[in-house]
Undergrad: 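My questions will all concern the structure given below.
Just so it is clear, the model here is predicted, and its values are computed rather than measured. Values below: every heavy atom of this structure, side chains too, minus hydrogens, waters and symmetry copies. Throughout, protein chains are lettered first and strands after them, A, B, ... in sequence-line order, and every chain is numbered starting at 1.
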2 protein chains.
Amino acid sequence: MSALSHLTPHQTTVFNLLKTLESEVSAQTLYAELRAQKHRLGLATVYRALKHLQLQGVVQARSLPNGEAVYSLVSEEKHYVTCVKCGTSVPLEHCPIDEQTMPQAVAPHFKIFYHTLEFFGLCSPCLEQETVT
Amino acid sequence: MSALSHLTPHQTTVFNLLKTLESEVSAQTLYAELRAQKHRLGLATVYRALKHLQLQGVVQARSLPNGEAVYSLVSEEKHYVTCVKCGTSVPLEHCPIDEQTMPQAVAPHFKIFYHTLEFFGLCSPCLEQETVT
DNA sequence: ACTAAAATGATAATCATTATCTTAATCACT
DNA sequence: AGTGATTAAGATAATGATTATCATTTTAGT
């Protein structure tokens with residue numbers, strides 16, 4: 001990974017908090033957590049910091065079906081199975097992408113930072129509801 | 001694919017339009033197109049129809065970074081490379097998922113309808129902007 | 001210290017989606 | 001066909017995350 005361009009104190013704060021978290025979080029949650037830790041920054045700054053870190057290739061984002069985005073470090077290689085009915089999202093342990101074909105699959109003129117892989121379907125409870133109904 | 005449960009006329013209309021489209025479309029676009037075709041239905045009905053078709057496993061959804069969702073038939077096996085800066089989304093021709101490991105990768109108690117695979121990074125123009133700046 | 005550029009805060013604006021609630025259509029059964 | 005119950009639909013308000021705006025503060029380089 002190339003060196004990060006200079007980060008402002010606030011950007012560093014956001015980055016550091018992300019490093020301590022095990023799972024993805026929304027910008028709103030990050031903001032609430034930082035405020036709870038007595039950091040004085042605005043919500044817009046959190047969004048801007050996340051955008052900046054994304055452009056640096058160190059933070060990744062995933063859009064949930066409910067419209068909110070969740071963020072995590074790029075190093076967190078996690079994929080998910082998501083229920084299209086209730087929205088439950090379960091992480092996968094292993095990435096089933098063929099390592100050989102992956103590099104060729106991406107367009108030649110893109111610099112790739114990360115990828116997301118998600119399976120969608122029905123979780124057991126929702127599946128039962130559907131078949132019963 | 002199991003038989004679809006009964007579809008209402010409006011649900012059928014939405015489904016049929018999706019069948020004629022080559023690329024993914026948002027609910028808003030579907031609504032505008034249907035209205036342009038003199039169909040009399042409400043926006044909420046389009047959203048409800050899409051939700052219903054999703055639960056049937058025949059329509060898939062993908063959330064874009066800007067927060068809107070785009071829909072397409074499940075049969076459209078397309079994956080994308082998306083620029084984290086400008087949002088440009090380019091389809092891949094080939095799915096690089098290892099067919100062998102895929103079934104084992106999904107959680108045992110999920111009924112899987114489809115999957116999405118996306119690569120994120122910077123497209124050429126945006127990459128140049130970043131390195132220049 | 002000084003000026004230009006970048007970052008920040010506060011808040012308004014945007015916009016897709018969902019909820020609500022009333023009305024209309026459909027269905028099962030007699 | 002009639003009736004009551006269930007489901008679908010329409011219209012629109014409400015929600016909520018994200019972005020835009022703009023005035024102010026901070027930073028970097030000279």
Undergrad: Take atom CD of Q37(A) as the centre, draw a 6.0 Å sphere, and report whether it contains more than 12 heavy atoms from other residues, nucleotides or ligands.
TA: yes
Undergrad: Could you give the CG-to-P distance, from L50(A) to dT19(D), as a whole number of Å?
TA: 10 Å
Undergrad: Which heavy atom of A61(A) sits nearest a heavy atom of T116(A), and at what distance?
TA: O-CG2, 4.4 Å
Undergrad: Show the distances under 3.5 angstrom between N or O atoms of the protein and N or O atoms of nucleotides 13-15 of chain D.
TA:
none

Undergrad: Indicate, with yes or no, if Y47(B) and V70(B) share a hydrophobic cluster defined by side-chain heavy-atom contacts under 4.5 Å among Ile, Leu, Val, Met, Phe, Trp and Tyr.
TA: no
Undergrad: Taking Y80(A) as the starting point, is it possible to reach V25(A) by hopping between hydrophobic residues whose side chains are less than 4.5 Å apart?
TA: no
Undergrad: When you measure from every atom of DNA chain C, which of residues 60-70 of chain A have a heavy atom less than 4.0 Å away?
TA: none
Undergrad: Would you call R48(B) and T45(B) a side-chain contact if the rule is heavy atoms closer than 4.5 Å?
TA: yes
Undergrad: So which atom in L41(B) and which in Y31(B) form the shortest heavy-atom distance, rounded to 0.1 Å?
TA: O-CE1, 3.4 Å
Undergrad: Could you work out how much the helix from dA1(C)-dT30(D) to dT30(C)-dA1(D) bends, comparing the axis of its first five pairs with that of its last five, to 10°?
TA: 40°
Undergrad: Which comes earlier along DNA chain C counting from the 5' end, the contact point of P9(B) or that of A44(B), where each point is its nearest nucleotide?
TA: A44(B)
Undergrad: Please work out if H52(A) contacts a base, only the sugar-phosphate, or nothing of the nucleic acid, heavy-atom cut-off 4.0 Å.
TA: nothing
Undergrad: Quick one: which of dA9(D), dA7(C), dG9(C) gets closest to the side chain of H10(B)?
TA: dA9(D)
Undergrad: Return the minimal non-hydrogen interatomic distance between Q11(A) and L53(A), and the atom names on each side.
TA: O-CD1, 4.2 Å
Undergrad: Does the side chain of T8(B) get closer than 4.0 angstrom to OP1 or OP2 of dA9(D) through an N or O atom?
TA: yes
Undergrad: For a quick test of reading the model: is some side-chain N or O of T45(A) closer than 4.0 Å to OP1 or OP2 of dA7(C)?
TA: no
Undergrad: Looking at every heavy atom in both S72(B) and L18(B), which two are closest together, and how far apart are they?
TA: CA-CD2, 4.3 Å
Undergrad: Rounded to the nearest Å, what distance is computed from the NE2 atom of residue H39(A) to the C1' atom of nucleotide dG9(C)?
TA: 16 Å
Undergrad: From CG of L34(A) over to P of dG9(C), roughly how many Å is that when rounded to an integer?
TA: 11 Å
Undergrad: May I ask you to check whether H79(A) and H115(A) place their ring centres under 6.0 Å from each other?
TA: yes
Undergrad: What is the separation between atom CG on L7(B) and atom C1' on dA8(D), rounded to the nearest whole Å?
TA: 13 Å
Undergrad: Take atom CD of Q54(A) and atom P of dT18(D), then tell me their distance rounded to the nearest Å.
TA: 11 Å
Undergrad: Write down the distance between OH (Y47(B)) and C1' (dA11(D)), rounded to a whole number of angstrom.
TA: 15 Å
Undergrad: Starting from the 5' end of DNA chain D, give me the residue, S26(A) or R48(A), whose nearest nucleotide shows up first.
TA: S26(A)
Undergrad: Looking at H6(B), does any N or O in its side chain come under 4.0 Å of the phosphate oxygens OP1/OP2 on dT26(C)?
TA: no
Undergrad: Is R62(B) close to T82(B) at the side-chain level, that is, under 4.5 Å between some pair of heavy atoms?
TA: yes
Undergrad: Rounded to the nearest Å, what distance is computed from the CG atom of residue L43(B) to the P atom of nucleotide dA8(D)?
TA: 18 Å
Undergrad: Can you give me the closest heavy-atom contact between S63(B) and S63(A), atom names plus distance?
TA: CB-CB, 3.4 Å
Undergrad: Kindly say whether the aromatic ring centers of F120(A) and F113(B) come within a distance under 6.0 Å.
TA: no
Undergrad: Could you give the NZ-to-P distance, from K51(A) to dA7(C), as a whole number of Å?
TA: 14 Å
